Amino acid sequence: MSIPKETLLRAYRQMKTIREFEERAHAEIMNGQIPGFTHLYTGQEANAVGVCEHLTDADAIVSTHRGHGHCIAKGADVVGMMKELWGSAEGLCKGKGGSMHVADFDRGILGANGIVAGGPPISVGAALAAKIRGNTQVAVSFSGDGSVNQGTCFEAMNMAVVLQVPAIFVIENNYYSEHTNIRYAVGCDDLKARTEAFGFPVFVADGADFFAVYEAAGKAIAHARAGKGPAGVFAEQGRYHGHFVGDPQYYRGEGELEDLRENHDCLKNFRARMAQTGEVSDAELDAIDGEVMSLIERAVTEARAAPRPSADQVEQDVYINYGT
Ligand SMILES: Cc1ncc(C[n+]2csc(CCOP(=O)(O)OP(=O)(O)O)c2C)c(N)n1
Ligand SMILES: [Mg+2]
């Protein structure tokens, strides 16, 4: 599969941006700088980027409680997101969303979501809107292995088939739902077959490999855009941090985290592939690393200095005013 160099460079930049955004957010939370509750996406970057590289602002995504990576991959402003985590009035959602409720409708980001499996039904609604409007837009929901036994997920998948809408269900299997391993929580060995039984194709990918996710997502999204109904992507890749920041992770096996970081790293894999094919040089990737580090530094500096919402702003934008 041939991928334009521009796409390769952007994909690496996006994965690196997510990685550094998350690692810096982790450090700042541990320093007590960022309020609220946060779930980090570090390790799973190739999933978000491999999917979103196929999307435009006109397409919709619905994210999860672990949403920073999806939002950055879909084009959310990184400085605005950092400000949002800080609870600033200049944040992407004026500081009222925080980590778990980042949204940017102009970029087709219909929102991170604290409800496990809350995203799939929303994406079916967005996909139905695209179908009614008669355009080629698609709607993607990201959800975790913990979402696949939820009724909302089943209902959304069934409804997407019944209505034949361009919804893509991206299931990110990081092997854990909070602290429970998928082997304990899912009562069947073949999730792909179980999901395909709803009546749509599912493409499986190694979530540590951008190229694998990009290819699988490309097939699923092309299927939906062509008016053939919904499709699924299963991407498998562990997370590098705990379920939430502060999780002591007693449930991890010995050496599990070290193995993930050492042998299942999308950035390392990307660099190794480029070294093999020669499409992008180490120097080009190093330059991107430097630019990303500057961007994250600027985001943190600006977020620290940005104003908090004032008391009179507290009730603004919270409830819709339908008029009287
Ligand atoms: C409907 C619902 N049930 C339970 C929870 C509590 N909860 C928050 S995250 C989570 C685990 C989600 O696991 P998964 O879907 O695999 O996503 P991951 O955290 O691994 O990214 C649970 C059970 C919730 N937020 N919503
Ligand atoms: Mg999970």
Side-chain angles (χ1 to χ4, degrees), residues 13-45 48-49 63-104 107 109 111-115 142 144 174 176 178-179 238-250 252 257 260-261 265 267 288-318:
R13 180 185 296 275
Q14 293 288 61
M15 291 195 294
K16 180 72 179 168
T17 304
I18 297 169
R19 174 70 54 90
E20 297 306 332
F21 184 96
E22 294 294 65
E23 294 296 14
R24 187 63 184 267
H26 183 247
E28 299 293 342
I29 293 162
M30 296 309 275
N31 283 338
Q33 295 293 308
I34 294 176
F37 203 62
T38 313
H39 309 81
L40 298 177
Y41 193 64
T42 322
Q44 297 177 221
E45 298 88 348
V49 177
S63 176
T64 67
H65 55 286
R66 201 175 298 289
H68 307 163
H70 307 138
C71 297
I72 292 174
K74 190 66 169 46
D77 174 54
V78 171
V79 178
M81 267 187 62
M82 197 64 95
K83 287 179 176 172
E84 187 60 35
L85 261 61
W86 241 269
S88 161
E90 292 177 3
L92 219 48
C93 303
K94 301 183 185 171
K96 291 172 188 168
S99 166
M100 259 189 284
H101 298 281
V102 175
D104 185 349
R107 298 284 185 169
I109 301 167
N113 193 325
I115 307 298
F142 290 93
N174 60 12
Y176 292 99
E178 291 200 352
H179 317 140
R239 51 173 157 75
Y240 289 177
H241 285 284
H243 171 61
F244 54 87
V245 177
D247 171 7
Q249 304 189 72
Y250 295 133
R252 295 277 198 181
L257 282 171
L260 271 176
R261 283 193 185 257
D265 182 332
L267 295 170
I288 290 175
D289 286 359
E291 287 164 19
V292 168
M293 296 314 285
S294 307
L295 171 64
I296 299 300
E297 196 55 50
R298 179 164 69 80
V300 169
T301 306
E302 289 192 26
R304 273 196 189 125
R308 301 288 175 274
S310 58
D312 62 315
Q313 289 173 323
V314 167
E315 288 181 16
Q316 285 171 16
D317 307 312
V318 176

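Treat the numbers as computed from the prediction; the structure is a model and nothing was measured. Position 1 is the first residue of the sequence; numbering continues from there.
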Between [atom1] of [X] and [atom2] of [Y], what distance do you get to the nearest 0.5 Å?
X: Thr42; Y: Leu260; atom1: OG1; atom2: CG; value: 11.5 Å
X: Leu85; Y: Gln33; atom1: CG; atom2: CD; value: 12.5 Å
X: Phe142; Y: Lys74; atom1: CZ; atom2: NZ; value: 9.5 Å
X: Thr64; Y: Ile115; atom1: OG1; atom2: CD1; value: 12.0 Å

Do you know which two heavy atoms are closest between [X] and [Y], and how far apart they sit?
X: Ala89; Y: Gln313; value: CB-OE1, 4.1 Å
X: Ala48; Y: Tyr41; value: N-OH, 3.2 Å
X: Pro309; Y: Gly87; value: CD-O, 3.1 Å
X: Ala103; Y: Gly111; value: CB-CA, 3.8 Å
X: Arg107; Y: Gly75; value: NE-O, 3.3 Å
X: Gln14; Y: Ala73; value: NE2-O, 3.5 Å

Which of Val245, Ile29, Val300 passes side chain to side chain contact (heavy atoms under 4.5 Å, CB included) with Ile34? It is Ile29

Chi angles and distances behind the side chain to side chain contact (heavy atoms under 4.5 Å, CB included) call for Phe21, Leu295: CA-CA 9 Å; Phe21 184 96; Leu295 171 64; over 6 Å; no

Keeping the roles fixed (side chain from [X], backbone from [Y]), state whether a donor-acceptor pair exists under 3.5 Å.
X: Glu20; Y: Met293; value: no
X: Ser88; Y: Pro307; value: yes
X: Glu291; Y: Ile288; value: no

Is the closest side-chain heavy-atom distance between [X] and [Y] below 4.5 Å?
X: Met82; Y: Ile296; value: yes
X: Arg24; Y: Glu297; value: yes
X: Met81; Y: Cys71; value: yes
X: His243; Y: Tyr176; value: no
X: Val102; Y: His70; value: no
X: Tyr250; Y: His179; value: no

Given side chain to side chain contact (heavy atoms under 4.5 Å, CB included), test Gln44 with Ile18 step by step and report yes or no. CA-CA 9 Å; Gln44 297 177 221; Ile18 297 169; over 6 Å; no

Which is it for Glu90 and Glu302 under the side chain to side chain contact (heavy atoms under 4.5 Å, CB included) test, yes or no, and what are the steps along the way? CA-CA 10 Å; Glu90 292 177 3; Glu302 289 192 26; 5.8 Å; no

Among Glu22, Glu23, Arg66, find the one that has a side-chain hydrogen bond (donor to acceptor under 3.5 Å, both in side chains) with His241. Glu23

Looking only at the side chains, is there a donor atom on one of Ser99 and His39 sitting less than 3.5 Å from an acceptor on the other? no

Listed by chain and number, what are the side chain to side chain donor-acceptor pair (under 3.5 Å) partners of Asn113, not counting sequence neighbours? none

Check Arg13, Lys16, Arg19 against Glu45 for a salt bridge (charged side-chain N to carboxylate O under 4.0 Å, His left out) and give me the one that passes. Arg19

Counting only heavy atoms not in Lys94, do more than 12 sit closer than 6.0 Å to its NZ atom? no

Check the pair Arg304, Glu28 against side chain to side chain contact (heavy atoms under 4.5 Å, CB included), reporting the backbone distance first and the verdict last. CA-CA 11 Å; Arg304 273 196 189 125; Glu28 299 293 342; 3.3 Å; yes

Check for me whether the distance between the ring centres of Phe244 and His65 falls short of 6.0 Å. no

